[in-house]
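Working notes, structure below.
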Protein chains: 2
Amino acid sequence: MTTITARERLINAAVEAFAEKGFAATTTRDIASRAGMSPAAVYVHHDSKESLLFTVSLQGHRNALDIINRAAAASTDPVERIRIMVYEFSLWHAMHSRVGRIVQWEYHALTPEHRAEVAAFRRSIEKTMQDALTDGVEHGVLDVADIPGTAFSLLSLGVDLVRWFEPGGSRSGAELATLHADLAVRMTSAR
Amino acid sequence: MTTITARERLINAAVEAFAEKGFAATTTRDIASRAGMSPAAVYVHHDSKESLLFTVSLQGHRNALDIINRAAAASTDPVERIRIMVYEFSLWHAMHSRVGRIVQWEYHALTPEHRAEVAAFRRSIEKTMQDALTDGVEHGVLDVADIPGTAFSLLSLGVDLVRWFEPGGSRSGAELATLHADLAVRMTSAR
DNA sequence: GCATGCTAAGCAAGCGCTTAGCGCGCGTCC
DNA sequence: GGACGCGCGCTAAGCGCTTGCTTAGCATGC
(Lines give C-alpha, C1' and ligand atoms only; values in the text may rest on other atoms or scores of the structure.)
Protein backbone atom coordinates (compact mmCIF):
# COMPACT_ATOMS: atom_id res chain seq x y z
CA MET A 1 0.00 0.00 0.00
CA THR A 2 1.29 3.39 -1.00
CA THR A 3 0.82 6.24 1.43
CA ILE A 4 -0.52 9.40 -0.11
CA THR A 5 1.12 12.44 1.42
CA ALA A 6 -0.67 15.72 2.01
CA ARG A 7 1.46 17.22 -0.72
CA GLU A 8 0.22 14.63 -3.21
CA ARG A 9 -3.38 15.04 -2.13
CA LEU A 10 -3.08 18.73 -2.93
CA ILE A 11 -1.60 17.94 -6.34
CA ASN A 12 -4.45 15.55 -7.11
CA ALA A 13 -6.96 18.15 -5.99
CA ALA A 14 -5.28 20.73 -8.22
CA VAL A 15 -5.46 18.37 -11.21
CA GLU A 16 -9.19 17.93 -10.68
CA ALA A 17 -9.84 21.63 -10.23
CA PHE A 18 -7.59 22.91 -13.04
CA ALA A 19 -9.00 20.36 -15.52
CA GLU A 20 -12.59 21.15 -14.54
CA LYS A 21 -12.54 24.95 -14.36
CA GLY A 22 -9.23 26.05 -15.80
CA PHE A 23 -6.25 27.50 -13.94
CA ALA A 24 -7.43 31.12 -13.75
CA ALA A 25 -10.93 30.19 -12.58
CA THR A 26 -9.65 27.86 -9.87
CA THR A 27 -9.17 29.33 -6.38
CA THR A 28 -6.63 28.10 -3.88
CA ARG A 29 -9.56 27.69 -1.48
CA ASP A 30 -11.14 25.26 -3.96
CA ILE A 31 -7.96 23.19 -4.18
CA ALA A 32 -7.63 23.13 -0.39
CA SER A 33 -11.20 22.03 0.19
CA ARG A 34 -10.97 19.29 -2.44
CA ALA A 35 -7.96 18.01 -0.51
CA GLY A 36 -9.90 18.28 2.77
CA MET A 37 -7.65 20.95 4.20
CA SER A 38 -7.71 24.62 5.12
CA PRO A 39 -6.76 27.29 2.55
CA ALA A 40 -3.47 27.95 4.30
CA ALA A 41 -2.39 24.31 3.99
CA VAL A 42 -1.74 24.79 0.30
CA TYR A 43 1.18 27.07 1.16
CA VAL A 44 2.68 24.66 3.64
CA HIS A 45 3.43 22.26 0.79
CA HIS A 46 3.60 24.45 -2.32
CA ASP A 47 5.04 27.89 -3.05
CA SER A 48 2.17 29.31 -5.06
CA LYS A 49 -0.79 28.41 -7.23
CA GLU A 50 1.44 28.66 -10.28
CA SER A 51 4.06 26.33 -8.84
CA LEU A 52 1.30 23.78 -8.30
CA LEU A 53 0.41 24.15 -11.98
CA PHE A 54 4.06 23.73 -12.94
CA THR A 55 4.34 20.56 -10.86
CA VAL A 56 1.32 19.07 -12.66
CA SER A 57 2.42 20.27 -16.08
CA LEU A 58 5.98 19.04 -15.73
CA GLN A 59 4.87 15.60 -14.57
CA GLY A 60 2.42 15.42 -17.50
CA HIS A 61 5.06 16.39 -20.04
CA ARG A 62 7.49 13.85 -18.57
CA ASN A 63 4.90 11.08 -18.84
CA ALA A 64 3.92 11.97 -22.40
CA LEU A 65 7.54 12.01 -23.54
CA ASP A 66 8.17 8.69 -21.82
CA ILE A 67 5.17 7.13 -23.56
CA ILE A 68 6.34 8.27 -27.00
CA ASN A 69 9.90 7.12 -26.43
CA ARG A 70 8.87 3.67 -25.24
CA ALA A 71 6.49 3.33 -28.18
CA ALA A 72 9.23 4.33 -30.63
CA ALA A 73 11.41 1.55 -29.28
CA ALA A 74 8.68 -1.08 -29.40
CA SER A 75 9.12 -2.09 -33.04
CA THR A 76 11.81 -2.00 -35.70
CA ASP A 77 9.32 -1.98 -38.56
CA PRO A 78 8.72 1.70 -39.44
CA VAL A 79 5.04 1.25 -40.25
CA GLU A 80 4.32 -0.68 -37.08
CA ARG A 81 6.36 1.83 -35.13
CA ILE A 82 4.17 4.69 -36.33
CA ARG A 83 1.07 2.66 -35.54
CA ILE A 84 2.26 1.97 -32.00
CA MET A 85 3.45 5.54 -31.38
CA VAL A 86 0.15 7.10 -32.45
CA TYR A 87 -1.81 4.43 -30.59
CA GLU A 88 0.04 4.94 -27.32
CA PHE A 89 0.14 8.74 -27.58
CA SER A 90 -3.61 8.96 -28.23
CA LEU A 91 -4.36 6.35 -25.57
CA TRP A 92 -2.36 8.28 -23.01
CA HIS A 93 -4.22 11.50 -23.81
CA ALA A 94 -7.55 9.71 -23.47
CA MET A 95 -6.68 7.93 -20.23
CA HIS A 96 -5.11 11.04 -18.74
CA SER A 97 -7.37 13.62 -20.32
CA ARG A 98 -7.49 15.76 -17.18
CA VAL A 99 -3.72 16.08 -16.89
CA GLY A 100 -3.52 16.37 -20.67
CA ARG A 101 -5.94 19.28 -20.64
CA ILE A 102 -3.79 21.08 -18.12
CA VAL A 103 -0.64 20.34 -20.10
CA GLN A 104 -2.15 21.63 -23.34
CA TRP A 105 -4.52 24.39 -22.29
CA GLU A 106 -2.72 25.97 -19.36
CA TYR A 107 0.69 26.16 -21.01
CA HIS A 108 0.36 29.95 -21.29
CA ALA A 109 -0.47 30.33 -17.58
CA LEU A 110 3.03 29.18 -16.61
CA THR A 111 5.73 31.72 -15.85
CA PRO A 112 8.10 32.29 -18.79
CA GLU A 113 10.82 30.28 -17.01
CA HIS A 114 8.54 27.31 -16.36
CA ARG A 115 7.12 27.53 -19.85
CA ALA A 116 10.60 27.32 -21.31
CA GLU A 117 11.29 24.24 -19.22
CA VAL A 118 8.28 22.28 -20.46
CA ALA A 119 8.81 23.54 -24.01
CA ALA A 120 11.94 21.38 -24.14
CA PHE A 121 9.80 18.30 -23.54
CA ARG A 122 7.47 19.33 -26.35
CA ARG A 123 10.31 19.70 -28.80
CA SER A 124 11.60 16.31 -27.75
CA ILE A 125 8.21 14.68 -28.36
CA GLU A 126 8.02 16.24 -31.82
CA LYS A 127 11.55 15.17 -32.64
CA THR A 128 10.85 11.54 -31.72
CA MET A 129 7.89 11.48 -34.10
CA GLN A 130 9.85 13.21 -36.87
CA ASP A 131 12.71 10.74 -36.50
CA ALA A 132 10.31 7.82 -36.82
CA LEU A 133 8.94 9.28 -40.06
CA THR A 134 12.41 10.04 -41.43
CA ASP A 135 13.54 6.47 -40.71
CA GLY A 136 10.51 5.05 -42.52
CA VAL A 137 11.05 7.28 -45.56
CA GLU A 138 14.70 6.26 -45.74
CA HIS A 139 13.68 2.60 -45.66
CA GLY A 140 11.24 3.29 -48.49
CA VAL A 141 8.20 2.02 -46.59
CA LEU A 142 6.80 5.41 -45.70
CA ASP A 143 5.88 8.19 -48.12
CA VAL A 144 5.85 11.55 -46.35
CA ALA A 145 6.45 14.79 -48.20
CA ASP A 146 6.28 17.14 -45.22
CA ILE A 147 7.86 15.41 -42.24
CA PRO A 148 7.57 18.14 -39.57
CA GLY A 149 4.01 18.98 -40.60
CA THR A 150 2.90 15.38 -40.74
CA ALA A 151 4.54 14.57 -37.40
CA PHE A 152 2.69 17.47 -35.84
CA SER A 153 -0.59 16.38 -37.37
CA LEU A 154 -0.22 12.83 -36.04
CA LEU A 155 0.36 14.21 -32.55
CA SER A 156 -2.58 16.61 -32.98
CA LEU A 157 -5.00 13.72 -33.22
CA GLY A 158 -4.06 12.63 -29.70
CA VAL A 159 -3.72 16.10 -28.24
CA ASP A 160 -7.16 17.13 -29.44
CA LEU A 161 -8.70 14.29 -27.43
CA VAL A 162 -8.19 16.20 -24.19
CA ARG A 163 -10.55 18.90 -25.46
CA TRP A 164 -13.59 16.66 -25.21
CA PHE A 165 -12.78 13.10 -24.06
CA GLU A 166 -14.44 11.96 -20.85
CA PRO A 167 -14.09 8.42 -19.46
CA GLY A 168 -17.40 6.59 -19.64
CA GLY A 169 -18.39 8.25 -22.91
CA SER A 170 -19.68 6.40 -25.97
CA ARG A 171 -16.21 5.48 -27.20
CA SER A 172 -13.35 4.05 -25.21
CA GLY A 173 -9.85 5.42 -25.25
CA ALA A 174 -8.55 2.20 -26.82
CA GLU A 175 -11.12 2.43 -29.60
CA LEU A 176 -10.12 6.00 -30.44
CA ALA A 177 -6.42 5.16 -30.21
CA THR A 178 -6.94 2.30 -32.68
CA LEU A 179 -8.80 4.64 -35.04
CA HIS A 180 -6.01 7.21 -34.86
CA ALA A 181 -3.35 4.57 -35.40
CA ASP A 182 -5.13 3.25 -38.50
CA LEU A 183 -5.51 6.74 -39.89
CA ALA A 184 -1.84 7.45 -39.17
CA VAL A 185 -0.73 4.41 -41.16
CA ARG A 186 -2.90 5.44 -44.12
CA MET A 187 -1.50 8.98 -43.92
CA THR A 188 2.12 7.89 -44.02
CA SER A 189 2.61 4.48 -45.62
CA ALA A 190 3.91 4.09 -49.16
CA ARG A 191 1.64 2.18 -51.51
CA MET B 1 -15.91 52.92 -45.56
CA THR B 2 -17.58 50.97 -42.81
CA THR B 3 -18.11 52.72 -39.50
CA ILE B 4 -17.06 50.74 -36.47
CA THR B 5 -19.46 51.26 -33.62
CA ALA B 6 -18.42 51.38 -30.00
CA ARG B 7 -20.19 48.06 -29.50
CA GLU B 8 -18.05 46.44 -32.18
CA ARG B 9 -14.87 47.99 -30.82
CA LEU B 10 -15.64 46.36 -27.49
CA ILE B 11 -16.24 43.01 -29.20
CA ASN B 12 -12.93 43.26 -31.03
CA ALA B 13 -11.19 44.16 -27.78
CA ALA B 14 -12.80 41.17 -26.09
CA VAL B 15 -11.60 38.86 -28.87
CA GLU B 16 -8.03 40.06 -28.40
CA ALA B 17 -8.16 39.78 -24.63
CA PHE B 18 -9.95 36.43 -24.40
CA ALA B 19 -7.66 34.87 -27.02
CA GLU B 20 -4.53 36.20 -25.31
CA LYS B 21 -5.27 35.54 -21.65
CA GLY B 22 -8.35 33.35 -21.55
CA PHE B 23 -11.85 34.31 -20.44
CA ALA B 24 -11.38 33.90 -16.70
CA ALA B 25 -8.09 35.80 -16.62
CA THR B 26 -9.46 38.70 -18.63
CA THR B 27 -10.89 41.64 -16.68
CA THR B 28 -13.65 43.90 -17.91
CA ARG B 29 -11.26 46.78 -17.25
CA ASP B 30 -8.80 45.21 -19.70
CA ILE B 31 -11.45 44.94 -22.41
CA ALA B 32 -12.53 48.53 -21.84
CA SER B 33 -9.01 49.93 -22.01
CA ARG B 34 -8.21 47.97 -25.20
CA ALA B 35 -11.29 49.63 -26.71
CA GLY B 36 -10.11 53.01 -25.41
CA MET B 37 -13.03 53.42 -23.05
CA SER B 38 -13.80 53.50 -19.35
CA PRO B 39 -14.67 50.29 -17.48
CA ALA B 40 -18.32 51.26 -17.22
CA ALA B 41 -18.66 51.64 -21.00
CA VAL B 42 -18.64 47.85 -21.36
CA TYR B 43 -22.01 47.71 -19.63
CA VAL B 44 -23.54 50.41 -21.81
CA HIS B 45 -23.29 48.07 -24.80
CA HIS B 46 -23.21 44.57 -23.31
CA ASP B 47 -25.04 42.87 -20.47
CA SER B 48 -22.10 41.09 -18.86
CA LYS B 49 -18.65 39.69 -19.49
CA GLU B 50 -20.22 36.33 -20.29
CA SER B 51 -22.63 37.80 -22.82
CA LEU B 52 -19.63 39.33 -24.57
CA LEU B 53 -18.10 35.87 -24.72
CA PHE B 54 -21.35 34.44 -26.06
CA THR B 55 -21.50 37.09 -28.79
CA VAL B 56 -17.98 36.19 -29.91
CA SER B 57 -18.54 32.44 -29.63
CA LEU B 58 -21.83 32.46 -31.51
CA GLN B 59 -20.41 34.53 -34.34
CA GLY B 60 -17.42 32.17 -34.55
CA HIS B 61 -19.58 29.07 -34.65
CA ARG B 62 -21.80 30.63 -37.33
CA ASN B 63 -18.79 31.44 -39.50
CA ALA B 64 -17.25 27.97 -39.10
CA LEU B 65 -20.51 26.26 -40.03
CA ASP B 66 -20.90 28.55 -43.02
CA ILE B 67 -17.39 27.72 -44.22
CA ILE B 68 -17.99 23.97 -44.02
CA ASN B 69 -21.35 24.17 -45.77
CA ARG B 70 -20.01 26.27 -48.63
CA ALA B 71 -17.05 23.92 -49.01
CA ALA B 72 -19.33 20.88 -49.09
CA ALA B 73 -21.26 22.43 -51.97
CA ALA B 74 -18.15 23.37 -53.92
CA SER B 75 -17.64 20.03 -55.66
CA THR B 76 -19.69 17.00 -56.62
CA ASP B 77 -16.71 14.66 -56.63
CA PRO B 78 -16.56 13.10 -53.14
CA VAL B 79 -12.76 13.05 -52.96
CA GLU B 80 -12.40 16.65 -54.06
CA ARG B 81 -15.22 17.62 -51.72
CA ILE B 82 -13.33 16.18 -48.74
CA ARG B 83 -10.18 17.92 -49.87
CA ILE B 84 -11.95 21.28 -50.13
CA MET B 85 -13.82 20.87 -46.85
CA VAL B 86 -10.69 20.05 -44.86
CA TYR B 87 -8.73 22.76 -46.65
CA GLU B 88 -11.29 25.49 -45.95
CA PHE B 89 -11.96 24.36 -42.38
CA SER B 90 -8.26 24.32 -41.50
CA LEU B 91 -7.65 27.58 -43.33
CA TRP B 92 -10.45 29.29 -41.43
CA HIS B 93 -9.03 28.10 -38.10
CA ALA B 94 -5.59 29.39 -39.05
CA MET B 95 -6.80 32.77 -40.32
CA HIS B 96 -9.15 33.22 -37.39
CA SER B 97 -7.09 31.50 -34.74
CA ARG B 98 -7.99 34.05 -32.06
CA VAL B 99 -11.72 33.64 -32.51
CA GLY B 100 -11.20 29.90 -32.97
CA ARG B 101 -9.36 29.67 -29.69
CA ILE B 102 -12.26 31.34 -27.91
CA VAL B 103 -14.76 29.08 -29.67
CA GLN B 104 -12.86 25.94 -28.72
CA TRP B 105 -11.28 26.73 -25.37
CA GLU B 106 -13.87 28.88 -23.68
CA TYR B 107 -16.84 26.69 -24.52
CA HIS B 108 -17.11 25.61 -20.88
CA ALA B 109 -17.17 29.22 -19.64
CA LEU B 110 -20.52 29.85 -21.31
CA THR B 111 -23.73 29.57 -19.29
CA PRO B 112 -25.52 26.22 -19.80
CA GLU B 113 -28.15 27.92 -22.00
CA HIS B 114 -25.58 29.60 -24.23
CA ARG B 115 -23.52 26.42 -24.36
CA ALA B 116 -26.55 24.49 -25.58
CA GLU B 117 -27.10 27.07 -28.29
CA VAL B 118 -23.61 26.82 -29.77
CA ALA B 119 -23.60 23.05 -29.32
CA ALA B 120 -26.21 22.86 -32.09
CA PHE B 121 -23.74 24.48 -34.48
CA ARG B 122 -21.10 21.95 -33.51
CA ARG B 123 -23.38 19.03 -34.21
CA SER B 124 -24.26 20.57 -37.54
CA ILE B 125 -20.59 20.93 -38.49
CA GLU B 126 -19.94 17.28 -37.62
CA LYS B 127 -22.99 16.14 -39.54
CA THR B 128 -21.90 17.94 -42.69
CA MET B 129 -18.54 16.18 -42.56
CA GLN B 130 -20.14 12.79 -41.85
CA ASP B 131 -22.55 13.21 -44.75
CA ALA B 132 -19.67 13.96 -47.10
CA LEU B 133 -17.92 10.76 -46.02
CA THR B 134 -21.10 8.69 -46.30
CA ASP B 135 -21.73 9.98 -49.80
CA GLY B 136 -18.21 9.08 -50.88
CA VAL B 137 -18.45 5.58 -49.42
CA GLU B 138 -21.75 5.00 -51.21
CA HIS B 139 -20.18 6.05 -54.48
CA GLY B 140 -17.35 3.63 -53.85
CA VAL B 141 -14.62 6.25 -54.06
CA LEU B 142 -14.03 6.59 -50.35
CA ASP B 143 -13.11 3.80 -47.95
CA VAL B 144 -14.01 4.75 -44.37
CA ALA B 145 -14.73 2.13 -41.73
CA ASP B 146 -15.61 4.50 -38.89
CA ILE B 147 -17.46 7.50 -40.33
CA PRO B 148 -18.20 9.51 -37.13
CA GLY B 149 -14.71 8.90 -35.77
CA THR B 150 -12.99 9.78 -39.04
CA ALA B 151 -15.14 12.89 -39.53
CA PHE B 152 -14.19 14.04 -36.07
CA SER B 153 -10.51 13.38 -36.71
CA LEU B 154 -10.56 15.39 -39.93
CA LEU B 155 -12.07 18.33 -38.08
CA SER B 156 -9.56 17.88 -35.24
CA LEU B 157 -6.70 18.72 -37.56
CA GLY B 158 -8.16 22.17 -38.14
CA VAL B 159 -9.37 22.74 -34.60
CA ASP B 160 -5.97 21.93 -33.13
CA LEU B 161 -4.43 24.76 -35.15
CA VAL B 162 -5.94 27.35 -32.83
CA ARG B 163 -3.86 25.92 -29.98
CA TRP B 164 -0.61 27.19 -31.42
CA PHE B 165 -1.02 28.94 -34.79
CA GLU B 166 0.10 32.56 -34.95
CA PRO B 167 0.08 34.64 -38.14
CA GLY B 168 3.62 35.42 -39.23
CA GLY B 169 4.98 32.09 -38.07
CA SER B 170 7.18 29.80 -40.14
CA ARG B 171 4.23 28.23 -41.97
CA SER B 172 1.31 29.99 -43.58
CA GLY B 173 -2.29 29.03 -43.02
CA ALA B 174 -2.66 28.02 -46.66
CA GLU B 175 0.38 25.75 -46.41
CA LEU B 176 -1.03 23.98 -43.36
CA ALA B 177 -4.49 23.74 -44.91
CA THR B 178 -2.98 22.11 -48.00
CA LEU B 179 -1.11 19.64 -45.81
CA HIS B 180 -4.26 18.75 -43.89
CA ALA B 181 -6.27 18.39 -47.09
CA ASP B 182 -3.68 16.01 -48.57
CA LEU B 183 -3.60 13.95 -45.39
CA ALA B 184 -7.41 13.87 -45.35
CA VAL B 185 -7.54 12.45 -48.87
CA ARG B 186 -5.03 9.74 -47.96
CA MET B 187 -7.01 8.91 -44.84
CA THR B 188 -10.29 8.43 -46.66
CA SER B 189 -9.85 7.59 -50.34
CA ALA B 190 -10.27 4.04 -51.65
CA ARG B 191 -7.30 2.71 -53.53
C1' DG C 1 10.03 20.50 25.58
C1' DC C 2 10.42 21.16 21.06
C1' DA C 3 9.88 20.50 16.02
C1' DT C 4 6.25 19.37 12.66
C1' DG C 5 1.89 19.91 10.29
C1' DC C 6 -1.81 22.18 10.32
C1' DT C 7 -5.59 26.11 11.06
C1' DA C 8 -8.16 30.67 12.19
C1' DA C 9 -8.07 35.02 10.98
C1' DG C 10 -7.09 38.54 8.14
C1' DC C 11 -4.60 41.86 4.77
C1' DA C 12 -4.10 44.43 0.51
C1' DA C 13 -5.46 44.26 -3.97
C1' DG C 14 -8.44 43.45 -7.58
C1' DC C 15 -12.88 41.68 -9.26
C1' DG C 16 -17.74 42.32 -11.89
C1' DC C 17 -20.95 45.45 -11.97
C1' DT C 18 -23.91 49.78 -10.49
C1' DT C 19 -25.11 54.48 -9.76
C1' DA C 20 -25.23 59.22 -10.38
C1' DG C 21 -24.21 62.65 -13.29
C1' DC C 22 -21.61 65.26 -17.01
C1' DG C 23 -21.00 67.09 -21.81
C1' DC C 24 -22.26 67.50 -26.31
C1' DG C 25 -24.96 67.21 -30.62
C1' DC C 26 -29.45 68.07 -32.43
C1' DG C 27 -34.27 69.41 -33.13
C1' DT C 28 -37.42 73.16 -31.74
C1' DC C 29 -39.24 77.58 -30.89
C1' DC C 30 -39.69 82.61 -30.98
C1' DG D 1 -30.72 82.38 -36.40
C1' DG D 2 -29.48 82.41 -31.78
C1' DA D 3 -31.17 80.48 -27.26
C1' DC D 4 -32.88 76.61 -25.25
C1' DG D 5 -33.62 72.02 -23.50
C1' DC D 6 -33.44 67.24 -23.95
C1' DG D 7 -31.67 62.69 -24.67
C1' DC D 8 -27.83 59.79 -25.77
C1' DG D 9 -23.14 58.08 -24.99
C1' DC D 10 -20.04 58.03 -21.90
C1' DT D 11 -17.28 58.48 -17.28
C1' DA D 12 -15.88 59.00 -12.12
C1' DA D 13 -16.48 56.89 -8.21
C1' DG D 14 -17.36 53.26 -5.57
C1' DC D 15 -19.92 48.98 -3.49
C1' DG D 16 -19.73 44.37 -1.86
C1' DC D 17 -17.20 40.52 -2.49
C1' DT D 18 -13.41 37.33 -3.62
C1' DT D 19 -8.72 36.71 -4.64
C1' DG D 20 -3.68 34.87 -3.56
C1' DC D 21 -1.12 34.74 0.13
C1' DT D 22 0.65 35.75 5.19
C1' DT D 23 0.89 35.64 10.08
C1' DA D 24 0.42 34.03 14.56
C1' DG D 25 -0.56 30.28 17.15
C1' DC D 26 -2.22 25.54 18.52
C1' DA D 27 -2.25 20.35 18.86
C1' DT D 28 0.23 16.25 18.37
C1' DG D 29 4.06 12.87 18.49
C1' DC D 30 8.77 11.91 19.79
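Residue numbers begin at 1 in each chain, while the letters A, B, ... track the order of the sequences.
Listed by first then second residue, pairs satisfying side-chain hydrogen bond (donor to acceptor under 3.5 Å, both in side chains) with a partner in residues 46-56 of chain A read A:E50-A:H114, not counting sequence neighbours. Applying the ring pair (Phe, Tyr, Trp, His ring centres under 6.0 Å) test to pairs two or more places apart or on separate chains, those with a residue in residues 128-163 of chain B are A:W164-B:F152. Screening residues 3-33 of chain B for ring pair (Phe, Tyr, Trp, His ring centres under 6.0 Å), with sequence neighbours left out, gives B:F18-B:F23. Among pairs with a residue in residues 67-76 of chain B, those fulfilling salt bridge (charged side-chain N to carboxylate O under 4.0 Å, His left out) read B:D66-B:R70, at least two apart in sequence or across chains. A salt bridge (charged side-chain N to carboxylate O under 4.0 Å, His left out) check over residues 106-130 of chain B, counting only residues at least two apart or in different chains, returns the pairs B:K127-B:D131. Within the structure, no pair that satisfies the ring pair (Phe, Tyr, Trp, His ring centres under 6.0 Å) test touches residues 168-191 of chain B, not counting sequence neighbours.
Atoms CZ (B:R7) and P (D:dC8) sit 17 Å apart, rounded to a whole Å. Rounded to a whole Å, the CG atom of B:L52 is 11 Å from the P atom of C:dG16.
Axis deviation across the helix from C:dG1-D:dC30 to C:dC30-D:dG1 amounts to 10°, comparing end segments of five pairs, rounded to 10 degrees.
For the salt bridge (Lys or Arg N to Asp or Glu O under 4.0 Å) test, no residue two or more places apart in sequence or in another chain qualifies with B:E8. For the salt bridge (Lys or Arg N to Asp or Glu O under 4.0 Å) test, residues two or more places apart in sequence or in another chain that qualify with B:E166 are B:R101.
Contact between A:A151 and A:Q130 at its shortest, heavy atoms only, is CB-CG, 3.6 Å. Contact between B:L161 and B:S90 at its shortest, heavy atoms only, is CD1-O, 3.3 Å.
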- prompt: Do B:N69 and B:T128 pass the side-chain hydrogen bond (donor to acceptor under 3.5 Å, both in side chains) test, and can you show the C-alpha distance, the side-chain angles, and the key distance before you say yes or no?
  reply: CA-CA 7 Å; B:N69 281 338; B:T128 302; 3.2 Å; yes
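Note on B:D135 versus B:R81: salt bridge recorded, some NZ/NE/NH1/NH2 to OD/OE distance being below 4.0 Å.
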Name the pairs: protein N/O against N/O of nucleotides 28-30 of chain D, kept only if under 3.5 Å.
none

Can you check nucleotides 17-21 of chain C for protein contacts, nitrogen or oxygen pairs under 3.5 Å, and list what you find?
{"from": "C:dC17", "atom 1": "OP2", "to": "B:Y43", "atom 2": "OH", "distance (Å)": "2.6"}
{"from": "C:dC17", "atom 1": "OP2", "to": "B:K49", "atom 2": "N", "distance (Å)": "3.0"}
{"from": "C:dC17", "atom 1": "O5'", "to": "B:Y43", "atom 2": "OH", "distance (Å)": "3.4"}

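Under the 30°/60° scheme for interplanar angles, the aromatic rings of A:H93 and A:F89 are found to be tilted.
Which of D:dC10, C:dC6, D:dT19 sits closest to the side chain of A:H45 comes down to C:dC6.
The stretch residues 8-26 of chain A touches DNA chain D through A:T26, each having a heavy atom under 4.0 angstrom from the strand.
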